[in-house]
Number of protein chains: 2
Amino acid sequence: MNQSKRYLDIVRDIRDMIRQEKIKPGDRIPSERELAEKMQVGRSTLREALRSLELLGLIETRRGEGTFLSDYRNHKLVEVLSTFILQDNRSHEDVWETRLLHEVAAIQAICKSETESQMKIWDSFRLRLQDESFQREDFVRELMVLSGNRLSLKIWFLLTQYSGNPYAGTVSPEEIDFMNNTLLAIEQQDADTAIQEFQAWSEWLKKERISNGNNT
Amino acid sequence: MNQSKRYLDIVRDIRDMIRQEKIKPGDRIPSERELAEKMQVGRSTLREALRSLELLGLIETRRGEGTFLSDYRNHKLVEVLSTFILQDNRSHEDVWETRLLHEVAAIQAICKSETESQMKIWDSFRLRLQDESFQREDFVRELMVLSGNRLSLKIWFLLTQYSGNPYAGTVSPEEIDFMNNTLLAIEQQDADTAIQEFQAWSEWLKKERISNGNNT
DNA sequence: AGAATATGAGTGGTCAGACCACTTTCAAAA
DNA sequence: TTTTGAAAGTGGTCTGACCACTCATATTCT
């Protein structure tokens, strides 16, 4: 199972170490060579893990100085999210609910915002919906982007990334209906209906995933 | 300037290459060895870039087979996301909105849940509301806990810490009314009213903070 | 003594080469 | 024709070696 993606294990190990050693934001963490030896992995493999942590905003590397825990507060958010999701104490239900929570709020925000200049957006949106390559995640991600809340977008992104893509699989015609209904309601700024349709889709998706055997 | 973070340049190069070569989702991209030679970089450096792309969900690697463009197609959006994640520029407004978003969702969840065994909770809740030591934050935190979504609670907790405690200061009688109204509506499982009252309070609080000069 | 300079250790950044585990392919053997 | 297995290609990993940079220390100069 976990033959590949070792660097993800290392990510977890590093995180655990940080917690045990009680390293605080801004503090320096052991050098790459130290970490590699301590964890019994090659330095290049360890660096791949560090790149991941850096990309997520958890750490910050300074050439010639070392690697530091990111000092902006944001790092805690990522840590909590990754901990909650990658680790054993995670609750899939909570992750699902929280993601849905952000999605619903996004729809609400879109409906409340101005729509003048967004008419074109809906047209192109509907066009892409016809495309075979259009995926579930594209639909939702577009909504999240349109909501305009970048922090919420980031949280949503992390949740979908780490919780074994809930939007995998092929799109059925039934779902297209849900999407279309949601879009239509949004265009008419009918938030309640839009959210209702979206939640119905989410519910439908959830059940299908369970019957198919949910991954990860 | 760009002496370090070379792997970020490679990320961009690969992205450009994908665009130029018109590689479509699901297609295979050149092997690591090929790419490394073509771009005149070491394979390990190139792999660090690939890890980043993988983490962002742009590519997918399969051992023994190769590296493939992920099933996303809306690369523009992914680019937006990647730049956003790479350079973490969040605004206070987003933090405030996101926190409120979780709070509203919590109230909604509480109203939907069973209330049989929660009667006692409301009594003790109201009692503590009388207490002078009862703070704004206690009120909201209690709601978050009652929602039952632990992930949402954690996120909320972090956001509260980030935005330089938005609940600092003394509680005015006017606020007590907001709280009481919110509580009352929740008891009656009237989610709409409860949320309306809560948002009104939040709005009021926001304005007061602005007039007082908000701290980070 | 005080200040400017040189040195060396330590760090992240990069590279090349070597295995390993795995998948696919296709030619040889049944 | 079917089966088998050897080879090629791929991502995953490790090692050891440089390089560029930072910083603390020792050294030298004024």
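Here is the naming used below: chain letters follow the sequence lines, and residue numbers restart at 1 for every chain.
Here B:Asp138 pairs with B:Arg141 in a salt bridge; the nearest charged N to carboxylate O distance falls below 4.0 Å. With salt bridges taken as basic N to acidic carboxylate O contacts below 4.0 Å, none links B:Glu34 and B:Lys38.
As a whole-Å value, the separation of A:Arg63 CZ from D:dC21 C1' is 6 Å. Distance B:Glu34 CD to D:dA8 P: 17 Å, rounded to the nearest Å. For the pair A:Leu35 CG and C:dG10 P, the interatomic distance rounds to 16 Å; values are reported in whole Å. Rounded to whole angstrom, the span from the CZ atom of B:Arg47 across to the P atom of D:dT10 amounts to 14 Å. Rounded to a whole Å, the CD atom of A:Glu65 is 15 Å from the C1' atom of C:dA9. Across the protein-nucleic acid pair, A:Ile59 atom CD1 and C:dT11 atom P stand 15 Å apart, rounded to whole Å. D:dG12 atom P lies 16 Å from atom CG of A:Leu46, rounded to whole Å. What separates CD of A:Glu37 from C1' of C:dG10 is a distance of 15 Å, to the nearest Å.
No more than 12 heavy-atom neighbours from other residues, nucleotides or ligands sit within 6.0 angstrom of CD on B:Glu37. At most 12 heavy atoms of other shown residues, nucleotides or ligands fall within 6.0 angstrom of atom CD in A:Gln196.
Neither OP1 nor OP2 of D:dT13 sits under 4.0 Å from any side-chain N or O of B:Arg43. Between A:Arg33 and C:dT11 there is no side-chain N or O to OP1 or OP2 distance below 4.0 Å.
Taking only side-chain atoms of A:Glu48, from C-beta outward, the nucleotide of D:dT13, C:dT24, C:dG12 with the closest atom is D:dT13. The listed nucleotides are C:dC15, C:dG13, C:dT11; the one nearest the side chain of A:Ser31 is C:dT11.
Counting all heavy atoms, side chain and backbone alike, B:Leu143 lies closest to B:Ile110 at O-CD1, 3.3 Å.
Residue A:Gln40 is in sugar-phosphate contact alone, with no base atom involved, counting any heavy-atom pair closer than 4.0 Å across all strands shown. Within the nucleic acid shown, B:Gly42 comes within 4.0 Å of sugar-phosphate atoms alone, with no base atom in reach, counting heavy atoms only.
Residue B:Arg62 places no side-chain atom within donor-acceptor reach of the base of D:dG11, judged by atom type and a 3.5 Å distance cut-off alone.
Looking at heavy atoms from C-beta onward, A:His102 lies in side-chain contact with B:Thr98 at the 4.5 angstrom threshold.
Toward the 5′ end of DNA chain D lies the nearest nucleotide of B:Glu32, the other residue of the pair B:Ser44 and B:Glu32 mapping further downstream. Of the residues near DNA chain C, B:Thr45 and A:Arg28, the one whose nearest nucleotide (by heavy atom distance) lies more toward the 5' end is A:Arg28.
Taking five base pairs at each end of the helix from C:dA1-D:dT30 to C:dA30-D:dT1, the local helix axes there meet at an angle of 30°, rounded to 10°.
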* **salt bridge (charged side-chain N to carboxylate O under 4.0 Å, His left out) between B:Glu48 and B:Arg51, worked out** => CA-CA 5 Å; B:Glu48 293 185 6; B:Arg51 285 302 134 268; over 6 Å; no

